[in-house]
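Here the structure is laid out as structure tokens; the discussion comes afterwards.
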2 protein chains.
Amino acid sequence: MNHSEATHDLRLRGYRVTPQRERILQVFYDLPAGTHLSAEELHQLLSNESSTPISLATAYRTLRLLASLGMLRELDFSEGHKHYELNRATWEPHQHLVCVECSTPVEFTGAAVADAARQVAEGYGFEVLDIQLKIHGVCATCRGQGK
Amino acid sequence: MNHSEATHDLRLRGYRVTPQRERILQVFYDLPAGTHLSAEELHQLLSNESSTPISLATAYRTLRLLASLGMLRELDFSEGHKHYELNRATWEPHQHLVCVECSTPVEFTGAAVADAARQVAEGYGFEVLDIQLKIHGVCATCRGQGK
DNA sequence: GTGCTTGCAAATGCTTTGCAGGGTG
DNA sequence: CACCCTGCAAAGCATTTGCAAGCAC
């Protein structure tokens, strides 16, 4: 699914295709895979361009809408605000390592965790849509610095 | 580590043992394993008893303190507020299945995911303190009801 | 007695919402 | 041309913080 197919899909589902929604979708399609934006970041990014100013309220509303339609994935890194990224057909589970000392986040993806998780979910009769793993720990740098 | 060892540890680390902190620690030690409370829930629970009224601000402050000391674990279920539980010596990774349709949460623990996660973390030189897995999907009930 | 802690209330940060005007289908 | 969307500002939650009084050590 590309940008124009997405807007077409929006219309099909009974939602109107507004310049704001088109622009926001395009932003996410243009984003490198694995990049994610918060509502505030999206709003900032669109404020910088003179063409399509979008209110913060609309940014929030649109992100929620697109996430509820499955077009975007909602990520929660416990930073006090949510992040969103394009829900690509071939998604990888999101895995996040956070150092409790310096808060440095490391992102990665891996199959082993996903497989294990999928197996459990299926045991409960769940159809898996998204897998998010968060590991808290102490990074190598902070471990080195005494304690 | 039990309740009184915990308060002793508090003192050792230079923090004062106040009635509020003792009472909150006791609440968590009395809680069945796997149960978790939000700041609001803790505050409610303590408001019901005539003996130790604790302000909401103190509930928040104490939860944050105990979590930073590693005595409590901070859980984030994407419900808009955090939950806390006792960080027992033999903790199991927290795994959370959430149905995107009906929001029903299913909690479970399992070794397979933990092992896979631990392996990745060690690859990055991390000392693992906590593992939290969140799976979004559609539960059996909601899958049954057409869609 | 010193200064960490508490309570209160006000402030903050993220997100949602009511309402009136505007644009899509 | 009906109704969904947007923008604005105000409201809503969860959580944090400034300050004066209180209590642990």
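Convention: sequence-line order gives letters A, B, ...; per-chain numbering from 1.
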With a cut-off of less than 4.0 Å, is there a side-chain N or O of [X] near OP1 or OP2 of [N]?
X: Ser55(B); N: dC8(C); value: no
X: Arg64(B); N: dT16(D); value: yes
X: Gln20(B); N: dC23(D); value: no
X: Arg21(B); N: dA24(D); value: no
X: Arg11(A); N: dG25(C); value: yes

Between [N] ([atom2]) and [X] ([atom1]): distance, integer Å:
X: Leu42(B); N: dA14(D); atom1: CG; atom2: C1'; result: 15 Å
X: His81(A); N: dT16(D); atom1: NE2; atom2: P; result: 15 Å
X: His43(A); N: dT16(C); atom1: NE2; atom2: C1'; result: 15 Å
X: Glu41(B); N: dC13(D); atom1: CD; atom2: P; result: 16 Å
X: Tyr60(B); N: dT6(C); atom1: OH; atom2: C1'; result: 17 Å
X: Arg13(A); N: dC5(D); atom1: CZ; atom2: P; result: 14 Å
X: Arg23(B); N: dC23(D); atom1: CZ; atom2: P; result: 19 Å
X: Leu10(B); N: dT5(C); atom1: CG; atom2: P; result: 9 Å

Give the nucleotide from the list [options] with an atom nearest to the side chain of [X].
X: Thr18(A); options: dT16(C), dC5(D), dG7(C); result: dC5(D)
X: Val17(A); options: dT15(C), dG25(C), dT15(D); result: dG25(C)
X: Lys82(A); options: dT16(D), dC8(C), dT15(C); result: dT15(C)
X: Arg61(A); options: dG25(C), dT6(C), dC8(D); result: dC8(D)

**OP:** Answer yes or no: is there an ion pair linking Lys82(B) with Asp76(B), defined by an N-O contact shorter than 4.0 Å?
**Re:**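 Here Lys82(B) does not pair with Asp76(B) in a salt bridge, since their nearest N and O are not under 4.0 Å apart.
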
Original post:
Do Thr35(A) side-chain atoms and Leu31(A) backbone N/O form a donor-acceptor pair below 3.5 Å?
Top reply: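 No; judged by distance alone, with no hydrogens or angles, the pair does not exist.
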
**OP:** Please indicate whether His8(A) has more than 12 foreign heavy atoms, meaning atoms of other residues, nucleotides or ligands, lying under 6.0 Å from its NE2.
**Re:**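 Not more than 12 within 6.0 Å, no.
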
Subject >> Check: Arg16(A) side chain, dC3(D) base, donor-acceptor under 3.5 Å >> reply: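 When only heavy-atom distances are counted, Arg16(A) does reach the base of dC3(D) through a donor-acceptor pair under 3.5 Å.
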
Under 3.5 Å, which donor-acceptor pairs do the side chains of residues 18-25 of chain B form with other protein atoms, sequence neighbours left out?
| residue | atom | partner | partner atom | Å |
| --- | --- | --- | --- | --- |
| Thr18(B) | OG1 | Arg21(B) | N | 3.2 |
| Arg21(B) | NH1 | Arg16(B) | O | 2.9 |
| Arg23(B) | NE | Glu49(B) | OE2 | 2.8 |
| Arg23(B) | NH1 | Gln26(B) | OE1 | 3.1 |
| Arg23(B) | NH2 | Glu49(B) | OE1 | 2.8 |
| Arg23(B) | NH2 | Glu49(B) | OE2 | 3.4 |

**OP:** Please examine the side chains of Leu69(B) and Leu10(B), heavy atoms only from C-beta on, and report whether any two atoms are closer than 4.5 Å.
**Re:**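 Leu10(B) reaches Leu69(B) side chain to side chain.
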
Subject >> First encountered from the 5' end of DNA chain D, between Tyr15(B) and Glu40(B) >> reply: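 This one resolves to Glu40(B).
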
Subject >> Position toward the 5' end of DNA chain D (nearest nucleotide), Tyr84(B) or Pro19(B) >> reply: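 It is Tyr84(B), whose closest nucleotide lies nearer the 5' terminus.
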
